[in-house]
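The structure appears below as structure tokens.
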Amino acid sequence: MQKTLFEKIWDNHAVIDNTLVENAHDTNGPSLIYIDRHLIHEVTSPQAFASLKQTGRKVRRPGLTIATADHNVSTENRSLPIVDQVSKRQLETLSNNCKEFGITIFDMSNPDQGIVHVIGPELGFTLPGTTIVCGDSHTSTHGAFGALAFGIGTSEVEHVLATQCIWMYKPKSFLIDVQGSLRKPHAISAKDIILHIIHKIGTNGGSGTVIEYKGKVISALSMEQRMTICNMSIEGGARAGLIAPDETTFKYLRGRRYSPKESELDRLIEFWKSNLKSDLNAKFDRVETIEIDRLAPQVTWGTNPSMVVDVTDSVPSPEEFADGDENKMKLAIRALEYMNLEAGTPITDLHVDRVFIGSCTNSRLEDLIEASMVVKGRKVSTKVRAMIVPGSQKVKLEAEKLGLDRIFKDSGFEWRESGCSMCLGMNPDILSPGERCASTSNRNFEGRQGAGGRTHLVSPIMAAACAIEGHFVDVRDWL
Amino acid sequence: MEPFRDVKSKLIPLDMINVDTDQIIPKQFLKLIQKSGYADFLFYDWRFDHSGNPKKGFFLNDPKYNERQVLLTRDNFGCGSSREHAVWALFDYGIRVVIASSFADIFYNNCFKKGLLPIYLSEDEIEYLFNVVNEKDPTVEINLPKQTVSLSEKEINFDIDSTRKKMLVEGIDEINFTLHFNDQILNYEKSSKIAEYNKYLI
Ligand code: SF4
């Protein structure tokens with residue numbers, strides 16, 4: 001039978017397919033899926049461990065879970081004591097739990113600390129063909145390696161710790177074929193592609209599915225760019241994003257801490273090459289083709305990630321956005337009010353107070369290199385506070401080796417320690433009410449970056465250019 | 001988990017699509033390390049102004065809606081972050097059922113871990129419910145074994161798959177349930193299926 005990549009990984013991990021013992025006729029029931037890789041962090045794991053302790057259960061395979069502290073860590077000087085006592089307690093709880101249950105942790109003092117979805121791949125923990133879960137919706141990031149990776153809730157974190165499995169209803173398969181080629185490959189990035197896709201399919205367009213991305217454009221992307229695409233699959237409502245592994249993937253894996261050793265890896269690569277791709281005539285439940293030939297830099301104007309326009313456009317009117325749908329109309333009116341925007345205003349007229357370059361969507365070395373290209377030799381607008389938060393300590397170190405920190409600091413950016421930071425503002429990095437921010441993160445929900453804060457999602461290059469000019473600009477003119 | 005009991009309550013209308021978990025419980029309340037005590041933080045930024053005073057006009061600040069157990073809303077409820085705290089907050093506040101035309105996958109899944117019942121109905125049925133709430137504000141009865149939402153003049157059937165239903169009705173502890181399959185898990189771990197992937201970390 002012809003199978004999709006997703007089906008192959010699924011079949012290979014189904015401990016029990018579609019059944020409940022007393023209910024074996026129920027083919028719509030959940031399957032028990034084995035989990036190869038589990039990532040945990042301080043925010044969604046404490047209750048899972050507490051409950052394990054309460055019930056006297058053990059962690060089944062401690063070696064298959066790794067932990068990091070990322071969501072609420074301070075991005076300021078790490079040698080200073082943590083001021084926020086509640087955050088401190090959460091971080092200590094994670095460390096203690098890991099110690100007690102024998103789980104490896106990359107905590108704030110560790111040179112490999114970073115955002116969970118940045119360090120997984122960086123450490124070679126993320127491998128093709130595996131199943132990967134984390135109590136965080138952006139686990140979809142790891143799908144860039146051809147892994148089935150998805151976010152779970154805290155009860156499922158506990159379930160995975162105790163059983164190394166989860167019950168899962170088989171998602172449907174959705175193929176997105178990205179066609180065309182990028183005219184200005186530096187000015188238009190993976191972030192613009194995925195924002196455009198979400199705009200096209202809507203915030204629940206991928207609901208109940210695993211999206212596989214393919215096409216020449218996708219094959220040409222680097223691993224870091226592929227991660228940006230898969231990362232935001234969840235913003236299109238999908239459970240996971242997936243890209244078949246190829247030479248780019250295999251090359252990335254070599255020499256990483258948890259990657260298999262050379263000879264073993266070569267053998268595995270042969271196996272992956274022949275097994276980890278959708279068969280030619282495999283049937284997907286849904287197929288869409290997305291054209292990106294004329295793609296302009298994308299900017300969100302509203303309070304969900306499908307509210308996207310070209311930088312050369314204007315803020316749409318609720319009528320334009322809603323297209324006759326009354327509920328969408330209400331949503332757009334509310335979004336415009338929250339964002340304090342008037343329909344018809346050119347996007348390039350929007351002035352920002354803050355710029356945030358970071359998050360598991362766009363905080364990797366390439367993102368910082370791209371941003372530095374437009375920053376170099378220029379100064380951040382006096383009206384803007386701009387901040388770079390590398391995704392991991394390793395990204396930070398490598399960037400510093402390339403001198404990027406100097407470029408950013410010289411132009412007036414703050415150069416921070418790694419963590420989630422202003423992507424969700426659980427640490428002190430937040431917007432004040434009413435502040436407008438160009439952000440490379442993934443969610444522009446009301447209050448996401450701080451109560452009353454107004455977020456516009458953009459690529460790192462756009463964010464950098466915005467910091468210089470103080471308002472949105474068409475970066476294609478710069479590069 | 002407590003078994004799900006039938007619910008008789010008036011509805012709380014939240015007439016909006018795409019309500020995300022950042023709204024249901026904002027991030028500043030995710031720093032706790034326990035599973036309960038989230039009721040006061042439900043819809044916090046919609047409920048209170050920047051100085052912490054209740055905002056007039058928001059339903060949770062209207063005594064009329066106190067004690068109600070069923071939330072009525074629209075498309076894509078619970079989208080965004082995977083935080084199970086969103087379910088805990090709704091549950092702690094006293095909500096036992098959420099009726100919507102669709103739910104985000106992770107949120108839907110999380111509901112069943114706490115004993116909150118998510119019911120999806122057609123857009124027309126949702127529209128009908130919004131209309132009757134506005135007109136008569138009736139009490140509805142939710143019966144999980146029968147899979148019905150009943151009003152005096154109408155009974156609406158809802159879908160739920162049999163496994164999830166059983167979990168809720170019986171209040172089954174999922175981990176205990178899974179551990180019944182320990183032999184299968186062990187067999188899987190010994191099988192060749194696993195060999196290609198994760199023998200590197202044990
Ligand atoms: S950077 Fe943002 S989206 Fe990514 S894991 Fe952290 S909080 Fe979640």
Side-chain angles (χ1 to χ4, degrees), chain A residues 12 15-16 20 23 26 28-30 32 34 36 43-44 46-47 50 57 61 63-64 72 86-87 89-90 93 127 129-130 135-137 151-155 158-159 162-165 203-204 207-208 237 239 258 260 268 271 304 327-328 330-331 424-426 433 443 445-448 451-452, chain B residues 15-18 20 22-23 26-28 30-35 44-46 50 74-76 79-85 87-88 102-107 109-110 113-114 161-164 166 173-182 184-185 187-189 193-194 196-198 200-202:
Chain A
N12 207 39
V15 175
I16 299 172
L20 254 188
N23 213 356
D26 180 11
N28 293 319
L32 191 61
Y34 198 81
D36 300 324
V43 176
T44 57
Q47 295 85 354
R57 289 179 180 132
R61 305 266 308 265
L64 298 185
N72 71 29
V86 196
S87 291
R89 187 179 59 168
Q90 208 171 43
T93 305
L127 292 181
T130 54
D136 185 283
S137 57
I152 55 177
T154 297
S155 298
E158 181 191 351
H159 193 275
T163 69
Q164 204 56 43
C165 295
T203 48
N204 59 357
S207 190
R239 251 353 260 284
Y258 288 112
L268 273 168
F271 173 80
N304 81 46
N327 291 315
K328 278 175 94 178
K330 275 192 229 158
L331 201 68
L424 92 163
M426 267 189 82
R443 289 194 173 128
F445 297 151
E446 287 182 25
R448 170 77 178 183
Chain B
D15 194 352
M16 231 186 260
I17 58 174
N18 285 334
D20 61 78
D22 272 84
Q23 310 315 320
K27 72 287 188 123
Q28 59 268 39
L30 306 184
K31 292 183 184 178
L32 302 180
I33 54 175
Q34 68 275 12
K35 261 192 192 178
Y44 192 88
D45 290 344
W46 286 351
H50 297 313
R74 293 191 188 263
D75 224 17
N76 205 24
C79 60
S81 153
S82 64
R83 57 188 73 162
E84 201 166 320
H85 309 67
V87 171
W88 301 336
S102 70
F103 295 89
D105 294 336
I106 303 180
F107 177 86
N109 224 357
N110 284 342
K113 316 293 177 188
K114 183 72 190 175
D161 79 85
S162 54
T163 308
R164 281 177 168 139
K166 189 177 156 80
D173 176 301
E174 199 179 27
I175 295 180
N176 259 345
F177 176 77
T178 307
L179 291 173
H180 290 310
F181 302 101
N182 201 28
Q184 274 105 315
I185 302 175
N187 282 341
Y188 178 86
E189 285 178 329
K193 277 183 169 185
I194 203 167
E196 297 298 342
Y197 304 118
N198 64 9
Y200 307 100
L201 310 164
I202 293 176

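Keep in mind it's a predicted model, so treat the numbers as computed, not measured. Sequence lines set the chain letters: A, B, ... in the order given, protein chains first and strands last, and positions in each chain run from 1.
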- Is there a side-chain contact between Val15(A) and Phe181(B), using heavy atoms and a 4.5 Å cut-off? no
- Item | Test item: Lys31(B) and Arg89(A) side chains (from C-beta on) under 4.5 Å apart, heavy atoms | no
- Task: List the atom of Ala162(A), the atom of Leu179(B), and the distance in Å for their closest heavy-atom pair.
- Result: O-CD2, 4.5 Å
- Query: Which heavy-atom pair separates Ile17(B) from Leu331(A) by the least distance, and what is that distance?
  - Reply: O-CD1, 3.6 Å
- Message: I need the residue from Lys328(A), Arg57(A), Arg239(A) with the largest number of non-hydrogen atom pairs under 4.5 Å to chain B.
- Response: Arg57(A)
- Would you mind checking which part of Asn72(A) comes under 4.5 Å of any heavy atom in chain B, side chain (CB onward), backbone (N, CA, C, O), both or neither? side chain
- Message: Do Asn204(A) and Ser102(B) make a side-chain contact, defined as non-hydrogen atoms from C-beta onward lying under 4.5 Å apart?
- Response: yes
- Message: Heavy-atom cut-off 4.5 Å, strictly under: side chain, backbone, both or neither for Asn176(B) against chain A?
- Response: both
- Query: Side chains of Ile152(A) and Ser82(B): closer than 4.5 Å at any heavy-atom pair?
  - Reply: no
- State which residues pass side-chain hydrogen bond (donor to acceptor under 3.5 Å, both in side chains) with Asp105(B); sequence neighbours excluded, sorted by chain then number. none
- Message: Just verifying a value: how many Å separate Cys79(B) SG and Phe445(A) CZ, rounded to the nearest 0.5 Å?
- Response: 4.5 Å
- Query: By ring-ring contact (aromatic ring centres under 6.0 Å, His included), which residues pair with Phe103(B), not counting sequence neighbours?
  - Reply: Tyr108(B)
- Task: Give, as side chain, backbone, both or neither, the part of Thr154(A) having an atom under 4.5 angstrom from any heavy atom of chain B.
- Result: both
- Examine the side chains of Glu84(B) and Ser155(A) and answer whether a donor and an acceptor come within less than 3.5 Å of each other. yes
- Query: Where does Asn304(A) contact chain B at under 4.5 Å (heavy atoms): side chain, backbone, both or neither?
  - Reply: side chain
- Note on the structure: Ranking Gln23(B), Lys114(B), His180(B) by heavy-atom pairs under 4.5 Å to chain A gives rank one to Gln23(B)
- Yes or no on side-chain contact (heavy atoms from CB on, under 4.5 Å) for Asn327(A) and Asp75(B), after CA distance, side-chain angles and deciding distance? CA-CA 9 Å; Asn327(A) 291 315; Asp75(B) 224 17; over 6 Å; no
- Item | Largest heavy-atom contact set with chain B, pairs under 4.5 Å, which of Gln164(A), Lys330(A), Arg443(A) | Arg443(A)
- Note on the structure: Ranked by heavy-atom pairs below 4.5 Å to chain A, first place among Gln34(B), Arg83(B), Met16(B) goes to Gln34(B)
- Is it the side chain or the backbone of Gln28(B) that comes within 4.5 Å of chain A heavy atoms, both, or neither? neither
- Item | Reported CZ-to-NZ distance for the pair Arg448(A) and Lys27(B), which is rounded to 0.5 angstrom | 7.0 Å
- Task: Could you tell me whether a side-chain N or O of Gln90(A) sits under 3.5 Å from a main-chain N or O of Leu30(B), the two making a donor and an acceptor?
- Result: yes
- Task: Considering non-hydrogen atoms only, spot the tightest contact between Gly153(A) and Asn110(B) and give its length.
- Result: CA-OD1, 3.3 Å
- Task: Please round to the nearest 0.5 Å and tell me the distance separating atom CD of Glu446(A) and atom CH2 of Trp46(B).
- Result: 6.0 Å
- Under 4.5 Å from a heavy atom of chain A, the part of His85(B) involved: side chain
- Query: Do any N or O atoms from the side chain of Gln184(B) and from the backbone of Ile16(A) form a donor-acceptor pair under 3.5 angstrom?
  - Reply: no
- Message: How long is the straight-line distance from CD1 of Ile106(B) back to OG of Ser137(A), given to the nearest 0.5 Å?
- Response: 5.5 Å
- Query: Checking heavy atoms, do the side chain of Leu32(A), its backbone, both or neither come under 4.5 Å from chain B?
  - Reply: side chain
- Message: Between Arg61(A) and Glu189(B), does the side-chain contact (heavy atoms from CB on, under 4.5 Å) criterion hold? Intermediate values first, please.
- Response: CA-CA 11 Å; Arg61(A) 305 266 308 265; Glu189(B) 285 178 329; 3.0 Å; yes
